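Written below as structure tokens is the structure these notes are about.
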Amino acid sequence: MVSRITDDYTAMVTAGCAAVCEPAFWAGFDRSSVNGFYDYFCQLTEHEPKRAAKFALPHYTWLCINPKESVDLKLADEVLSIIPEFMDRPNVLGIGEIGLNKNSRNELKVLEKHVDLAGSRGQLILVHTPHLEDKWKGTQLIMDVLKSDSRIRPERCIIDHVEEHTIKMVLDAGFWAGMTLYPESKCSPPRAIDMLEVYGTERIWMNSACDWGISVPLAVPHTMLEMRRRGHVTEWIDKVAFQNPAAFMQQSPRFQMPAWLSRRMENWLAMWSESADAVIGMKLKHGLHLAYCANIHRGENWEQIFDTLSRYTLEVRKQICPADPYAIGLRLGNDAARELSRPKVLAAFQNWLDQENCYVFTINGFPYGTFHGRQVKELVYQPDWTIPERLAYTNLLFDLLAALVPDGVEGSVSTVPVCYKEHVQNDRYIREARKNLWKCVDHIEQLSRRTGKKLHLGLEPEPLCYLATSEETVRFFEQMRKDRPGDLRIEDHLGVNYDCCHLAVEFERAREALGRLQQHKIRISKIHLSSALKVHPTPEVREALRAYTNDIYFHQVVERSSEGSLKRYRDLEDALASDPSAVPHLPEEWRIHFHIPLYTQPTKLFDNTADHIAGTLDFVKAHPGLCSHFEMETYTWEVLPPELKRRNVVDQLADEYRWTLKQMAGRGLAQGARLKD
């Protein structure tokens, strides 16, 4: 505030600011003597607190010689020698803003002396990272200095001026990350919110630049309004704007939250929460997208599919998201895709999406042909990736998706897990599949470059398929990379459609499976939120399971014995035909590839794999940016036993949304907005 007028204090109080935290910084010119710094420290610890107090603003400060002025080692030593005289002033929180400007040796020496001073006196530390030189290198050098002093605890240090390429390294090292907001340079409010949406709100605070240059003291309140416009929940905004800076500064006993602040915050939260509750809708955070997969509805040609979107999807939307943009997870077989690719048909659909405030971000490209009403079974995998028709069909889906997905939104297509395992004839069979997948990557990359859209294909592991487990998936991607060494386009355009039901049936744990894929740099293109049947196959359960057999879909079964060994059955009928007396002990558990509604509760006979969904969402929370596409997929509506069905498919889908949004909101992935009953 050295160059600020008192009108700024008035504006800050009016906007709801609770305190001013002003570190020692460069004033726009180099101070030439220690006397100048002495006067400056007196201003920060005596004059400015009195000036701010006239506006009911507590004023806090940090003391140091700024990195811009620390190239003069003699002056730096003189300034460091007078800082202890001021450290016991009531508004001094610690040492700052220290750091680097041009990453020079002299700057580094002065940084080490500042850290030693902070360590010897148990002070908090505020760090400046370079703007003009290599920020990444400077940030790493700063962290090395801090970590080399055993007296310095990372949680008591905030490293300011982080940007997209440095924030992760700061947070991973246990430090706090600061984002100083400027109106037209460095970190702007939109950039700051983008980073928050990727990395979450833990150990991050925002602060307004109030220095000698072009800056706005109300940058944080302005950013709060932008967060609100993006649909972020009140508690999320409060955490970043109020709770986080308070939590960090309260590590100093000198920082006191004003008694009146808690009452004002209660009113502020109540006001914003009331506004939030007035919004009936689906608010996802961190750039996530959620839809239900339209493969639950019949529709083999475009006319039938469009009819189901108009009849059912819009009815679901009325219950869940009547006012905000609504995401659609499209399912297109080959015939429907060809019909939609006609220019007039595609233009009409685009207009419909605009009129209904809907958008498409993903397409289910798994079933090539008929999916409802007649036997599908192993035909669902045909044509597989060894056959040119699968390649042509998938390329067409991406052509359509590129025309449909909005600017700034990624587009994904899910597909078969290479092929059904029984169909593999020899190594050449799989080589042909890899060749076609690489051709698809070529097509996606060229299309992405031409349209500016970020597009990717997700192979969907499924029991008894060539890709059934995360380990098999990793091996296949390693083979793909060996086919074209050094071709990194595979990381951008080919990944996995992670189906929770499928991996749970294989007795995989979400944290281990997703961690394995992440470790091997395999993109999570989309996550299918789906739940499988889980049972102990007693005679009573076996009898009840007969209601789940049908001639339409495969329902693979994986059996885990009491000793932990796995046995796989091609279909539920095969598992039921097995002789339970043929083994010494009753198998511990069956997991059945039968997608049941997400909200299904355990019964005396049947359990579910909702714990795998929970583990998946926990992993996403812990690894922001892992995946932005989520799709609820319970395509088995027509073959569900009556006791699992709602009155109609619209009610079932709405209940699945409510269940899913509650799970996501509990992990900070969605806003807990009220949903229309």
Side-chain angles (χ1 to χ4, degrees), residues 302 329-343 345-347 349-350 359-369 381-419 428-461 466-467 473 476-497 521-526 627-629 631:
W302 175 246
L330 206 56
R331 183 258 153 170
L332 295 173
N334 185 59
D335 291 343
R338 290 185 177 279
E339 292 168 5
L340 180 57
S341 66
R342 297 170 187 165
V345 178
L346 181 58
F349 183 48
Q350 290 170 319
Y359 67 98
V360 173
F361 70 94
T362 188
I363 298 177
N364 186 321
F366 198 124
Y368 178 92
Y381 311 112
Q382 292 294 335
D384 62 28
W385 274 101
T386 67
I387 301 173
E389 284 79 3
R390 171 63 65 173
L391 172 62
Y393 160 61
T394 307
N395 285 350
L396 175 59
L397 294 182
F398 275 106
D399 293 340
L400 293 169
L401 185 61
L404 294 172
V405 69
D407 291 337
V409 177
E410 295 183 10
S412 64
V413 173
S414 49
T415 188
V416 295
V418 182
C419 63
R428 187 171 60 183
Y429 193 86
I430 298 302
R431 284 200 302 271
E432 190 65 25
R434 297 202 305 270
K435 185 188 302 181
N436 285 328
L437 279 166
W438 268 115
K439 290 179 180 178
C440 189
V441 170
D442 292 338
H443 181 81
I444 300 170
E445 189 271 335
Q446 293 167 12
L447 187 61
S448 297
R449 184 154 36 87
R450 187 170 68 248
T451 63
K453 306 291 179 70
K454 194 171 184 179
L455 308 171
H456 36 85
L457 176 67
L459 297 163
E460 185 177 333
Y466 190 73
L467 304 184
T473 303
F476 181 76
F477 271 78
E478 289 175 348
Q479 293 169 343
M480 289 284 295
R481 290 183 172 119
K482 288 179 181 178
D483 290 337
R484 294 190 186 181
D487 193 334
L488 299 181
R489 294 177 304 163
I490 190 174
E491 296 181 9
D492 293 327
H493 302 300
L494 184 65
V496 167
N497 179 44
K521 297 182 178 180
I522 298 174
R523 169 184 286 276
I524 307 300
S525 175
K526 181 168 60 176
C627 180
S628 62
H629 287 189
E631 196 173 45

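Just so it is clear, the structure is predicted and the values come from calculations on it, not from any experiment.
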Between Ile363 and Val360, the two heavy atoms sitting closest are CG1-CG1, 4.4 Å
Residue pair Asp407, Lys453: steps toward the side chain to side chain contact (heavy atoms under 4.5 Å, CB included) verdict: CA-CA 7 Å; Asp407 291 337; Lys453 306 291 179 70; 3.0 Å; yes
Working note: Tyr368 + Ile387, criterion side chain to side chain contact (heavy atoms under 4.5 Å, CB included); need CA distance, chi angles, decisive distance, verdict. CA-CA 12 Å; Tyr368 178 92; Ile387 301 173; over 6 Å; no
Quiz item: So does Arg428 pair up with Glu432, basic N to acidic O under 4.0 Å?
Solution: no
Exercise for review: In sequence, state the C-alpha distance, the side-chain angles, and the governing distance for Glu445 and Asp492, and then conclude on side chain to side chain contact (heavy atoms under 4.5 Å, CB included).
Suggested key: CA-CA 8 Å; Glu445 189 271 335; Asp492 293 327; over 6 Å; no
CG (Leu391) and NZ (Lys435) are apart, to the nearest 0.5 Å, by 12.0 Å
Value for CD (Glu631) from CZ (Arg331), rounded to nearest 0.5 Å, stands at 12.0 Å
Correct closest heavy-atom pair for Cys419 and Ile430 would be SG-CD1, 4.1 Å
Note to self: In the structure I gave you, are the side-chain heavy atoms of Trp302 and Leu332 within less than 4.5 Å of one another anywhere?
What the structure shows: yes
message: Is it the case that atom CZ in Arg338 sees more than 12 heavy atoms from other parts of the structure closer than 6.0 Å?
response: no
Taken to the nearest 0.5 Å, the spacing of Leu437 CG from Asp483 CG works out to 10.0 Å
When His493, Glu491, Glu410 are each screened for side-chain hydrogen bond (donor to acceptor under 3.5 Å, both in side chains) with His456, the one that passes is Glu410
dist Thr394:OG1 -> Phe366:CZ (nearest 0.5 Å) comes out at 11.5 Å
When rounded to the nearest 0.5 Å, the distance separating CG of Leu455 from CZ of Arg449 is 12.5 Å
What one should report as the nearest heavy-atom pair of Val416 and Arg390 is CG1-NH2, 3.5 Å
Taking the side chain as everything from C-beta on, heavy atoms only, tell me whether Gln350 gets closer than 4.5 Å to Leu404. yes
Side-chain heavy atoms of Thr473 within contact of Phe476, under 4.5 Å: no
Of Arg523, Lys526, His629, the one forming a side-chain hydrogen bond (donor to acceptor under 3.5 Å, both in side chains) with Ser412 is His629
TODO: Side-chain contact test, heavy atoms from C-beta onward, threshold under 4.5 Å: evaluate it for Asp384 versus Tyr429 and give yes or no.
DONE: yes
Glu339 and Val345: CA distance, side-chain angles, deciding distance, side chain to side chain contact (heavy atoms under 4.5 Å, CB included) verdict: CA-CA 7 Å; Glu339 292 168 5; Val345 178; 5.7 Å; no
*Any side-chain heavy atom of Met480 within less than 4.5 Å of one from Leu494?*
yes
Here the pair of heavy atoms bringing Asn364 nearest to Ser414 is CA-OG, 3.5 Å
Taking the six-membered ring for Trp, are Trp385 and Tyr466 closer than 6.0 Å centroid to centroid?
no
Between Pro367 and Tyr393, the two heavy atoms sitting closest are O-OH, 3.2 Å
In short, Leu397 meets Gly365 closest at the heavy-atom pair CD1-CA, 3.5 Å
- prompt: Between Leu400 and Ser341, is any pair of side-chain heavy atoms under 4.5 Å apart?
  reply: yes
Checklist line | Validation row: Asp442, Arg489 side chains within 4.5 angstrom (heavy atoms) | finding: yes
Close side-chain approach of Thr415 to Asn497, heavy-atom, < 4.5 Å: no
Here the gap from Phe398 atom CZ to Leu447 atom CG, rounded to the nearest 0.5 Å, amounts to 8.5 Å
